[in-house]
2 protein chains.
Amino acid sequence: MPAMEVQAARQPVRRTGGRSARVRAAVIDATLAALLTRGLDDLSITEIAQQAGVHPTTIYRRWGGRSNLALDAVLSGTEAEIPPPDTGSLRGDLLAVIRGIFPFLRTPLGELLVRLALRRDLPEYEAARGGYWAQRFRAGAALFERARARGELRADVDPVLALETLVGPMYVRMLMTGEPLDDALLVRCVDLVLDGIAAQPR
Amino acid sequence: MPAMEVQAARQPVRRTGGRSARVRAAVIDATLAALLTRGLDDLSITEIAQQAGVHPTTIYRRWGGRSNLALDAVLSGTEAEIPPPDTGSLRGDLLAVIRGIFPFLRTPLGELLVRLALRRDLPEYEAARGGYWAQRFRAGAALFERARARGELRADVDPVLALETLVGPMYVRMLMTGEPLDDALLVRCVDLVLDGIAAQPR
DNA sequence: GCCTTATCGCTACTTGCCTTGCGTTAGTGG
DNA sequence: CCACTAACGCAAGGCAAGTAGCGATAAGGC
């Protein structure tokens, strides 16, 4: 009887090139197309499969469900990484920030990303949620530091809350009320956050 | 051959009392319970039916689908109608408004209502969307009128945008970032909307 | 109380989602 | 070029959603 080798938990050698890569690209493309036309909820894996020229079983095995597939597709199609602005003034920076977000949100892909972010039935996304948004809001930190150094900012301002207040109306209109939304409104958002609504400082 | 009577488009006499009422109540209750435990997406009509002591076919016939059922259940369980505040100061009124919304949103039913409002696959809700939010924001109009009369409000302030800016961070945290959210933050929201973040008026 | 028929329960059926098991193809390392 | 096996295609089948037809029950009007 040969000496029993201690089996290291050897994970199988992944084959990421060639056929697998082609399959993945085709499926991701078909999924994005299906997401943009039919929406998040009623997308047929069978349909995606034959659109991609792939057997449905393959999708189930690799992605294991529609939510994981949708998440992978959208994140693959998105590499936002909006560069942090530095226009020289607080107002200019804030305008640049919100103007960098807004056009992307009007994109079908952008709206898809937001709606995906709102879901709570995607355990895969729950893990990434914190990091994702933290990164998106981090760009704002430097912006406020510079403004503070220039004396444009009050001392007690919380950058995160300020950014949330800036973009809040945009999301409220887009997601809930459906009120009109254009560049002029963005300017008004910036000015409201800067100056407030009170007649005189209290 | 008897004279052909012109058939008036006679709609059948609805039977809303007795058994039908009991069935409806039982199904709505079971649906709400299922919604609160399992969420919006994967609720089983069969399960709801046997929970309510009713045959699944009945649900399909009366409601005709899961989206309509969910919408009916949530709207039946909700009669918000938050009374418009009048505390004598703009700051007090804004605080009262946001403090009236916030606790309800933390309720499971409240969060459910919001998430339902975010859906775009409920044609029944699409029709009611505009009116619903318009009504919710209308209460704010009077509030701002009084503030303006007291001289607390700048002249160029748009009430709707101001309210959206006020509640924006609350929804952003609740729906997207998941950052902590408590009463102290509400106060900071109010003060930020009132005073803005700029060091001095431009 | 009686009649009409809206509404419900039940069974059987169709359909699409998803899984399982097995044979085949083609990456990957040598 | 060869051996190993990850990844894919395919067929069969379980399972729950949803539909259709029909008889049974009870609500509403008289």
Side-chain angles (χ1 to χ4, degrees), chain A residues 5 7-31 34-35 37-73 76 119 121-124, chain B residues 5 7-31 34-35 37-73 121-124:
Chain A
E5 297 282 345
Q7 279 289 347
R10 195 176 67 86
Q11 51 223 5
V13 178
R14 295 266 158 254
R15 297 179 178 174
T16 57
R19 180 173 60 167
S20 292
R22 283 194 303 274
V23 165
R24 182 185 143 79
V27 170
I28 293 293
D29 283 354
T31 303
L35 279 173
T37 58
R38 311 186 41 159
L40 263 168
D41 298 299
D42 53 342
L43 50 81
S44 156
I45 297 222
T46 307
E47 192 179 290
I48 291 176
Q50 67 185 24
Q51 169 88 23
V54 163
H55 209 271
T57 330
T58 300
I59 297 185
Y60 286 113
R61 265 193 286 252
R62 280 186 55 136
W63 283 274
R66 92 173 76 243
S67 59
N68 207 352
L69 173 61
L71 187 67
D72 191 13
S76 296
R119 290 304 202 81
D121 56 339
L122 308 173
E124 302 84 6
Chain B
E5 297 282 344
Q7 280 288 347
R10 197 176 67 85
Q11 53 221 5
V13 179
R14 296 262 159 258
R15 298 179 178 174
T16 57
R19 180 173 59 166
S20 293
R22 283 194 302 275
V23 165
R24 183 185 142 79
V27 171
I28 294 292
D29 283 355
T31 303
L35 280 173
T37 58
R38 311 189 40 160
L40 264 169
D41 299 298
D42 54 341
L43 50 81
S44 157
I45 297 224
T46 307
E47 192 179 290
I48 291 177
Q50 66 185 23
Q51 169 89 21
V54 163
H55 209 272
T57 356
T58 300
I59 297 185
Y60 286 113
R61 265 195 289 251
R62 282 187 53 136
W63 283 275
R66 93 173 75 246
S67 60
N68 208 351
L69 173 61
L71 186 68
D72 190 12
D121 56 340
L122 307 173
E124 301 85 4

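- Within 4.0 Å of Arg66(A), counting heavy atoms only, lie sugar-phosphate atoms of the nucleic acid but no base atom.
- Atom CZ of Arg62(B) is separated from atom C1' of dG18(D) by 18 Å (rounded to the nearest Å).
- Side-chain atoms of Leu69(B) and Ile48(B), non-hydrogen and from C-beta on, do get closer than 4.5 Å to each other.
- Look at Thr16(B) and you won't find any side-chain N or O under 4.0 angstrom from OP1 or OP2 of dA27(D).
- Put simply, NE2 on His55(B) is 13 Å from C1' on dC22(D), counting in whole angstrom units.
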All N/O pairs under 3.5 Å across the protein-nucleotides 21-24 of chain C interface:
{"from": "dG21(C)", "atom 1": "O6", "to": "Arg61(A)", "atom 2": "NH1", "distance (Å)": "3.3"}

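- Scanning all heavy atoms of the two residues, the minimum distance from Gln51(B) to Ala30(B) falls at CG-CB, 3.6 Å.
- Of the candidates dC17(C), dA17(D), dC18(C), dC17(C) carries the atom nearest the Ser44(A) side chain, counting heavy atoms from C-beta on.
- Nucleotide dA7(D) holds its P atom 16 Å from the CD1 atom of Ile59(A), rounded to whole Å.
- Separating the CZ atom of Arg24(B) from the C1' atom of dC8(C) is a distance of 16 Å, rounded to the nearest angstrom.
- Nearest heavy atoms, Ala73(A) versus Thr31(A): CB-CG2, 3.7 Å.
- Checking dG9(C), dA17(D), dT7(C) against every side-chain atom of Arg14(B), the shortest atom distance belongs to dT7(C).
- The CD atom of Gln50(B) sits 13.0 Å away from the CD1 atom of Ile45(B) when rounded to the nearest 0.5 Å.
- Side-chain contact between Ser20(B) and Arg62(B) is present, with at least one heavy-atom pair separated by less than 4.5 Å.
- The shortest distance between side-chain heavy atoms of Arg38(B) and Glu47(B) falls below 4.5 Å.
- Between the CD1 atom of Ile48(A) and the P atom of dC17(C) there is a distance of 10 Å, rounded to whole Å.
- Across dA27(D), dA7(D), dC17(C), the shortest atom-to-atom separation from the side chain of Arg22(B) is found for dA27(D).
- With dC8(C), dC18(C), dT4(C) as the candidates, the nucleotide lying closest to the side chain of Arg15(B) is dT4(C).
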Notebook entry, point to check: After noting the C-alpha distance and the side-chain angles of Arg119(A) and Leu40(A), does the key distance pass the side chain to side chain contact (heavy atoms under 4.5 Å, CB included) rule?
Noted result: CA-CA 10 Å; Arg119(A) 290 304 202 81; Leu40(A) 263 168; 4.1 Å; yes
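- The distance between atom CD of Gln50(B) and atom P of dA16(D), rounded to the nearest whole Å, is 11 Å.
- Side-chain contact between Val27(A) and Trp63(A) is present, with at least one heavy-atom pair separated by less than 4.5 Å.
- Atom CG of Leu69(B) is separated from atom P of dA17(D) by 13 Å (rounded to the nearest Å).
- Between the CH2 atom of Trp63(A) and the P atom of dC17(C) there is a distance of 17 Å, given to the nearest Å.
- Here Tyr60(A) reaches the OP1 or OP2 of dC18(C): one of its side-chain N or O atoms lies under 4.0 Å away.
- Each salt bridge (Lys or Arg N to Asp or Glu O under 4.0 Å) pair with one or both residues in residues 64-73 of chain B, not counting sequence neighbours, appears once here: Arg24(B)-Asp72(B).
- Taking for each of Ile45(B) and Pro56(A) the nucleotide of DNA chain D with the nearest heavy atom, the 5'-most of the two is the partner of Pro56(A).
- Thr58(B) has a side-chain polar atom (N or O) that falls below the 4.0 Å cut-off from OP1 or OP2 of dG9(C).
- Every stem involving DNA chain C, taken as at least 3 paired positions in a row under the Watson-Crick or G-U wobble test at 3.5 Å, is listed here: C:1-30 with D:1-30.
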